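Here's the structure we're looking at; comments come further down.
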2 protein chains.
Amino acid sequence: MHGRAAAIHRSAQESNGRVVFLRRLAREGVSVETLHRPAHRDALVALEGAFDRGDMVVVFGRCTVEYDGRASSSLGPGDRLLLLKPDGSALVHTDEKRTPVNWQPPGSEHRASVRDGRLRVQSRRTTPEEVLDVRFERVDQLSAFSVAERAELALTGSEEDLRNRILDDPALVEEGFEPLETERETMAGPVDVFGRDGEGRAVVVELKRRRVGPGAVRQLQGYVDAVGRETGDETVRGVLVAPSVTDRAAALLDERGFGFVALGPDEGENGDESEDVDPDRERDSADD
Amino acid sequence: MHGRAAAIHRSAQESNGRVVFLRRLAREGVSVETLHRPAHRDALVALEGAFDRGDMVVVFGRCTVEYDGRASSSLGPGDRLLLLKPDGSALVHTDEKRTPVNWQPPGSEHRASVRDGRLRVQSRRTTPEEVLDVRFERVDQLSAFSVAERAELALTGSEEDLRNRILDDPALVEEGFEPLETERETMAGPVDVFGRDGEGRAVVVELKRRRVGPGAVRQLQGYVDAVGRETGDETVRGVLVAPSVTDRAAALLDERGFGFVALGPDEGENGDESEDVDPDRERDSADD
DNA sequence: GTCTAAATGTCGGCC
DNA sequence: GGCCGACGTTTAGAC
């Protein structure tokens with residue numbers, strides 16, 4: 001469409017003897033442009049056009065990948081899918097795993113070139129300085145997608161939902177609990193919910209949306225210690241709120257004298273027995 | 001190519017009046033099959049063929065996404081790219097961010113169907129039970145890629161590299177340090193490096209490949225406490241090894257009397273002044 | 001920008 | 001399969 005697409009058409013015809021397919025659709029604001037088995041030069045022109053238009057680009061082919069930045073990596077030749085987003089993200093996917101084998105975060109700058117008979121896509125960013133280099137020896141397909149319509153993701157079941165649940169009904173933590181502050185700052189970091197119990201003692205509440213291990217207890221311990229030091233109060237209590245705990249976490253909670261409340265972010269989850277439950281009772285007991 | 005492709009061709013011709021493009025290439029073990037603006041039934045047949053062959057699939061179009069499992073989410077209509085992998089992974093990408101807006105981990109099972117005039121791709125897994133539902137109102141393009149060649153990723157700059165660096169030259173931690181055990185188990189979790197200093201005192205070393213905050217100090221504290229309790233030794237020392245620390249982390253290290261060694265996983269990184277550096281000196285000092 | 005912790009985190013390793 | 005911590009984590013929110 002307009003100057004860019006024309007340029008791609010022209011290049012396609014110039015591609016000496018190789019079969020190049022190009023299709024561009026524009027309907028309801030969405031357009032797709034695809035090259036099959038393009039010559040590198042044609043792929044290059046198409047890429048530059050897609051970058052200019054702010055398209056999402058998919059390149060599939062045989063390539064190598066080099067990365068250098070926070071760490072360094074090298075990936076030998078193989079078939080991969082490269083996804084380039086207009087926000088500067090780059091993802092290199094193999095046929096396995098949810099996580100890309102290599103990537104570049106949003107804000108990076110993509111550049112394409114042809115060198116040594118290869119299509120090269122470079123993505124660079126700063127702070128920290130990082131470079132991703134994808135060299136295609138063969139491009140099987142290149143597609144540019146124009147993204148017209150968006151929508152917001154609505155997600156439930158987060159830690160924030162758990163917090164709201166507790167602020168709505170503080171008795172879920174324990175009878176008489178009064179929340180005073182969320183994200184209360186301490187030297188060890190922010191406390192999820194800070195409040196007082198029925199007898200006026202300070203209570204640090206740490207929330208987790210899912211089953212927790214020793215890390216959550218360390219976190220709670222760190223906050224309890226920090227509040228203790230910073231207020232001079234030696235009687236600060238700690239309570240962990242989570243759907244469940246591992247054995248080790250339960251033992252640590254016990255050792256430190258922390259409370260545990262079995263509660264998840266969703267309505268349907270173990271919200272009933274909130275009376276300062278001994279963590280041992282929450283685990284699968286041998287006698288049931 | 002062979003039965004499957006033929007079936008798609010046939011279906012394509014049956015697609016009443018709609019323009020459908022199909023291309024299948026097979027060279028050097030790689031093949032690509034693409035439908036442009038397919039009717040949902042054609043897309044369905046192509047998807048099933050791709051699942052059978054173990055192809056990587058990309059679907060771009062206007063869709064809604066529902067997810068229910070560890071959390072729940074809903075995503076209104078919009079243009080997205082769906083990537084389906086033969087290992088059961090599913091990724092829904094918008095034109096922003098490195099992280100997919102919705103996904104399903106490896107091991108899930110993908111099923112495609114046509115319902116209510118929409119192409120529906122469902123991905124389900126168990127343990128935990130999770131479902132992803134992508135409903136396409138319009139498919140702009142569907143591509144199936146056969147992945148033939150793979151290669152292993154070689155990455156350097158990890159925490160393991162840092163550990164090896166220290167095991168090679170324990171004096172980097174401090175003069176006289178003797179490593180005795182890695183991944184030493186404690187109730188609070190495994191200690192990166194456990195050893196003794198020149199005076200025979202137990203030393204817990206926590207390694208981090210990058211700049212650390214309070215979390216790393218809490219981790220170290222948890223291990224030091226655990227080793228202290230489990231051995232009855234009150235004199236256990238803690239040392240954090242990382243390229244640098246935040247102010248809060250430095251203050252916590254100081255408070256707990258832990259040591260800090262400025263060292264990263266790579267050769268070129270601050271490996272020189274390893275003599276039990278006061279964390280304060282590692283931070284940007286007001287007077288330089 | 002840095003800092004701090006959440007995340008449908010994902011992933012690997014060990015049990 | 002659960003548990004545990006690393007990860008080029010990424011991302012959001014606060015300062």
Side-chain angles (χ1 to χ4, degrees), chain A residues 67-73 89 91 96-107 125-132 153 155-160 162-163 183 185-192 206-216 218-219 222-223 244-249 265 284, chain B residues 67-73 89 96-108 125-132 153 155-160 162-163 183 185-192 206-216 218-219 222-223 244-249 265 284:
Chain A
Y67 154 73
D68 192 54
R70 287 164 292 176
S72 299
S73 75
S89 314
L91 310 165
E96 289 183 330
K97 300 286 141 67
R98 202 215 65 146
T99 306
V101 64
N102 277 114
W103 69 90
Q104 202 69 318
R125 74 145 169 171
T126 54
T127 335
E129 179 78 17
E130 292 195 297
V131 187
L132 179 71
L153 182 77
L155 187 140
T156 61
S158 63
E159 180 177 306
E160 190 186 344
L162 177 55
R163 186 182 64 202
E183 304 296 312
E185 280 298 337
T186 73
M187 197 157 67
V191 171
D192 283 339
E206 174 60 27
L207 308 174
K208 290 295 170 194
R209 65 173 301 282
R210 61 169 200 171
R211 181 175 178 84
V212 296
R218 287 198 297 260
Q219 211 176 332
Y223 298 152
S244 60
V245 291
T246 64
D247 283 358
R248 283 232 273 245
D284 42 351
Chain B
Y67 154 73
D68 192 56
R70 288 164 292 176
S72 299
S73 75
S89 315
E96 289 183 331
K97 301 284 142 68
R98 202 214 64 145
T99 305
V101 63
N102 279 116
W103 70 89
Q104 201 71 316
S108 311
R125 73 146 170 170
T126 53
T127 333
E129 179 78 17
E130 292 195 297
V131 187
L132 179 71
L153 182 77
L155 187 139
T156 61
S158 62
E159 180 176 306
E160 191 186 343
L162 176 55
R163 187 181 64 201
E183 305 296 313
E185 280 298 337
T186 74
M187 196 158 69
V191 171
D192 283 339
E206 173 61 27
L207 308 174
K208 290 295 170 194
R209 64 173 301 283
R210 62 169 201 172
R211 181 176 179 84
V212 296
R218 287 198 298 261
Q219 211 176 331
Y223 298 151
S244 60
V245 290
T246 65
D247 284 358
R248 283 232 270 246
D284 43 351

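If you're wondering where the values come from, they're calculated on a predicted model, not measured in any experiment. Below, chains carry the letters A, B, ... as their sequence lines are ordered, and counting in each starts from 1.
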- Query: Hey, does the side-chain of B:N102 have a donor or acceptor N/O within less than 3.5 Å of a partner on the base of C:dT8?
  - Reply: yes

- N/O donor-acceptor pair, side chain A:E160 with base D:dG13, under 3.5 angstrom: no

- Within the structure shown, what part of the strands sits under 4.0 Å from B:S158 by heavy-atom distance: base, sugar-phosphate, or nothing? sugar-phosphate

- Between atom NZ in A:K208 and atom C1' in D:dG5, what is the gap in whole Å? 14 Å

- Note on the structure: Contacts of B:R210 meeting side chain to side chain donor-acceptor pair (under 3.5 Å) (sequence neighbours excluded), chain-then-number -> none

- Item | Under 3.5 Å: donor-acceptor pair, side chain of A:R70, backbone of A:P128 | no

- Message: Please report the distance, rounded to the nearest Å, between CH2 in B:W103 and C1' in C:dT10.
- Response: 9 Å

- Message: Considering every strand and a 4.0 Å limit on heavy-atom distances, what is the contact class for B:T127: base, sugar-phosphate, or nothing?
- Response: sugar-phosphate

- Query: Contact class for B:A216 (heavy atom, under 4.0 Å): base, sugar-phosphate, or nothing?
  - Reply: nothing

- Rounded to the nearest angstrom, tell me the gap between atom CD in A:E159 and atom C1' in D:dA12. 13 Å

- Identify whether any heavy atom of A:E185 sits under 4.0 Å from a base atom; if not, whether one sits that close to sugar-phosphate; answer base, sugar-phosphate or nothing. nothing

- Message: Within the 4.0 Å heavy-atom criterion, would you say B:R218 contacts the bases, only the backbone, or no part of the nucleic acid?
- Response: sugar-phosphate

What protein N or O atoms touch nucleotides 11-15 of chain C N or O atoms at under 3.5 angstrom, if any, and at what distances?
residue: C:dC11; atom: OP1; partner: A:R98; partner atom: N; Å: 2.7
residue: C:dC11; atom: OP1; partner: A:T99; partner atom: N; Å: 3.0
residue: C:dC11; atom: OP1; partner: A:T99; partner atom: OG1; Å: 3.4
residue: C:dG12; atom: OP2; partner: A:K97; partner atom: NZ; Å: 3.4

- Task: Could you tell me whether B:E183 contacts a base, only the sugar-phosphate backbone, or nothing, with contacts defined as non-hydrogen atoms closer than 4.0 Å?
- Result: nothing

- Message: Would you say B:R210 places a side-chain N or O within less than 4.0 Å of OP1 or OP2 belonging to D:dT9?
- Response: yes

- Message: Categorize A:G69 for me: base, sugar-phosphate, or nothing, with a 4.0 angstrom heavy-atom threshold over every strand shown.
- Response: nothing

- Message: Nearest whole Å is fine: how far is D:dT9 P from A:Q104 CD?
- Response: 13 Å

